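Below is one structure, written out as structure tokens; the observations come after it.
As the structure lists them, so they are numbered: ligands from 1, and atoms in each ligand from 1. Values reported hereafter were calculated over all heavy atoms of this structure, with side chains retained and with hydrogens, waters and symmetry mates removed. Small disclaimer: the values here were computed from a predicted structure and weren't measured. The residues of the chain are indexed from 1 along the displayed sequence.
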Amino acid sequence: MKISLIYPPEYNRNCETFSLPNISIATLANYLIKNGYKNTTQHDLDILYFKKIKKIITDEQREKLENKEKVIAYCNDKLTKKEKEEFDFLINIFLKEGKIGKSDIIGITFSDLRTDFFLANISALIAKMAKDKWKTKIVIGYRSIPHKLYIEIMEKYKVFDYAVFSNFGEEPLLRIIEKIKGKNVELINTIENNKGDIKTHYNLSNQFPVCPTPYYEKDILKNYEVEERQLINSYYSQPKIVSEIFNGNNKEIIVPYSFINTCSGTCAFCANDPTIPSNSKSVNQVIDEIGKMKEAGVTGIYFINSNFNDKYSFADKLCDEMIKNNFNILWTDCANLRNIDENLLLKMKKAGAIKITFGMETASNKLLKYIRKGITVEKIEKYLKLTHKLGIFTHIELIGGLPYEDETDIRNTIEFIERNTNYIDIYSLNPFYLYSSSPFARMPQTFGLEIIQTRNQKPNFYKSPEKIGIISGRFNEINGLKWEDKDKQIIESTKRISDTIKKVSSHKFIDFEHVYLLTFLYRKLGWEKKELIRKLVKIMITKFKPYNVDSFISEVNYIKHTYSRDLI
Ligand code: SF4
């Protein structure tokens, strides 16, 4: 059985200068191959679209691909012969460039689906042609997309046979494949479209199996390799101080990878469920997997763990093993400030950590206690300074408008930023969202909240200007603000924090991580030269070119506070 897994292109996935390979198709491929489906291949159309396809098609052809109505008409055989031929021509470019051949099943990840539906259009066009040509069954899926939206998409485009809405898609996809092969298996967390008869198969258990392992194909990794020349061509590099440093021909390949998705923390705003047993891999498994990635040419890892140090002893041992193996791999990850000390930070550095993200959320001790963060402002400050002193880039995460946040709390956060600006390199800032699986939403009374039930309202999936799937609940603070005023307070608080960051640093340091640039700089200069690295980053991001746009960016404005907190 031939299975092709596709990562379709999407606009504005992020604005980083270089992107990373997709972990979803790599993980699904690894799982299917291990379960006997050796003829499973990966097709990354995102990198191919922005590197090549976009340059060989005309603006008019691109507009056709963006036209949702026309694409739906193509899928439903409602176009004129000429129009159909034009679409056929375009789809064949994607199939040829992506080396997508005859397949029994095509799986398409809907990760980063945006409201412009470009990703859904490309997926539907490929699906339609594959179904007509080869009778291929089409599976789409990604967590965080509401299953009702999948139903809407399946009803409109009519070319998708299955949609997986599970947290982890490996087992649901395997079951779909076995069912297509004729086995009598029960589908889980899947929507099945049987010639227009749409059926949802729920199974809410099995949402956190073992932590997944990706298999990155060498051909795909090659497309993500960044050479020194490409790097400096994508940043402002005229000053002598830059050209003197970047005068070699180093290459880097950075991949996303995780060894734990669960977390024992109980932060009240977080979608994490602490009652789920840990799905951490063993130290040996992590070392083995890093070794294999290194063999495939990987030089850097962008860890996407829930946190590196959920268990202190695990993190300590992992660092020891990474140091012993001398991987020479540079990496970034987030770490909690509950289980940390100088010894661990030092080991993380020796093991290759170049940037650590700390989720601090607020600099109010009152709110840190209320959200059960398990840390104090004093502790945050101590370890930020220490991390900086060790030469590691620091990245903090903040939330504007947490429940019961008042003027004093906002002032505390603003003063914290002003006071520590020399020790903070990168910021993430989000307006508060009430996630349905968070302790806030599951136990609202414990936190003095009242959830406003809106189940009868039809959710509006298209309202958010950001990614589909970021959906918040509404609530009243029982002893504070009612929702309408709270929503305004969330916007105001987030804006004031972002204004402070702009004043002491720049909006260019919110959310942009520049992992490739950092990796090159640390590789060349080392931790001892952090001040120089800081200076160079500041100079080089004067202007930079994101991988998916054609021009350089020199101004960045933070607008996340204006995003609608729509709800379901
Ligand atoms: S915010 Fe981080 S530390 Fe807290 S529960 Fe979530 S994943 Fe764990």
Side-chain angles (χ1 to χ4, degrees), residues 23 143-144 167-168 207-208 211-212 256-281 302-316 318 332-341 344-345 348 353 355-377 379-380 382-384 387 394-405 409 413 426-444 446-447 449 469-473 490 494 497 511 513:
I23 193 168
R143 76 184 76 166
S144 89
N167 259 343
F168 289 83
Q207 290 281 294
F208 279 88
C211 188
Y257 170 80
S258 63
F259 55 78
I260 181 168
N261 312 120
T262 53
C263 176
S264 54
T266 55
C267 306
F269 60 90
C270 181
N272 166 63
D273 181 350
T275 61
I276 293 172
S278 172
N279 75 352
S280 173
K281 294 173 184 171
Y302 182 83
F303 282 112
I304 46 170
N305 294 311
S306 51
N307 50 165
F308 187 85
N309 54 338
D310 190 46
K311 251 196 178 166
Y312 184 99
S313 55
F314 176 93
D316 191 60
L318 178 60
T332 65
D333 201 359
C334 60
N336 73 65
L337 287 157
R338 299 186 313 270
N339 305 324
I340 207 142
D341 60 12
L344 183 56
L345 276 173
M348 286 166 81
K355 177 175 82 66
I356 301 178
T357 306
F358 297 112
M360 60 169 282
E361 333 308 347
T362 168
S364 152
N365 273 330
K366 176 196 98 184
L367 287 179
L368 284 169
K369 192 166 176 225
Y370 169 69
I371 64 172
R372 308 195 301 202
K373 196 72 205 171
I375 50 173
T376 60
V377 177
K379 193 169 183 189
I380 298 169
K382 176 179 168 187
Y383 285 106
L384 256 183
T387 309
T394 61
H395 179 170
I396 59 165
E397 290 176 325
L398 297 162
I399 298 175
L402 281 162
Y404 288 102
E405 184 187 62
D409 303 319
T413 301
I426 299 172
Y427 302 79
S428 285
L429 170 63
N430 285 297
F432 175 71
Y433 283 83
L434 181 76
Y435 298 118
S436 58
S437 54
S438 66
F440 272 150
R442 285 188 283 119
M443 302 175 286
T446 312
F447 297 97
L449 302 179
I470 300 183
I471 293 177
S472 169
I490 294 172
T494 312
I497 297 169
D511 288 339
E513 297 184 66

So among L318, I260, T332, I340, which one has a side chain to side chain contact (heavy atoms under 4.5 Å, CB included) with F308? L318
When you measure from atom 4 (Fe) of ligand 1 to every protein heavy atom, which one gives the shortest distance, and what is it? C267 SG, 2.3 Å
Any donor-acceptor pair under 3.5 Å from N305 side chain to F259 backbone: yes
Just which atoms of ligand 1 are under 4.0 Å from any heavy atom in K373? 1 (S), 4 (Fe)
Show which atoms of ligand 1 fall inside a sub-4.0 Å distance from at least one heavy-atom site of R338. 3 (S)
Would you tell me whether D310 and N339 have side-chain atoms, one donor and one acceptor, within less than 3.5 Å of each other? no
Check ligand 1 against C263 and write out every atom of the ligand that is under 4.0 Å from a heavy-atom position of the residue. 3 (S), 5 (S), 7 (S), 8 (Fe)
Does any donor atom in the side chain of D341 or Y312 lie under 3.5 Å from an acceptor atom in the other side chain? yes
Going by distance alone, is a donor N or O of one side chain under 3.5 Å from an acceptor N or O of the other, for E513 and Y302? yes
To the nearest 0.1 Å, how far is atom 6 (Fe) of ligand 1 from its closest protein heavy atom, and which atom is that? C270 SG, 2.4 Å
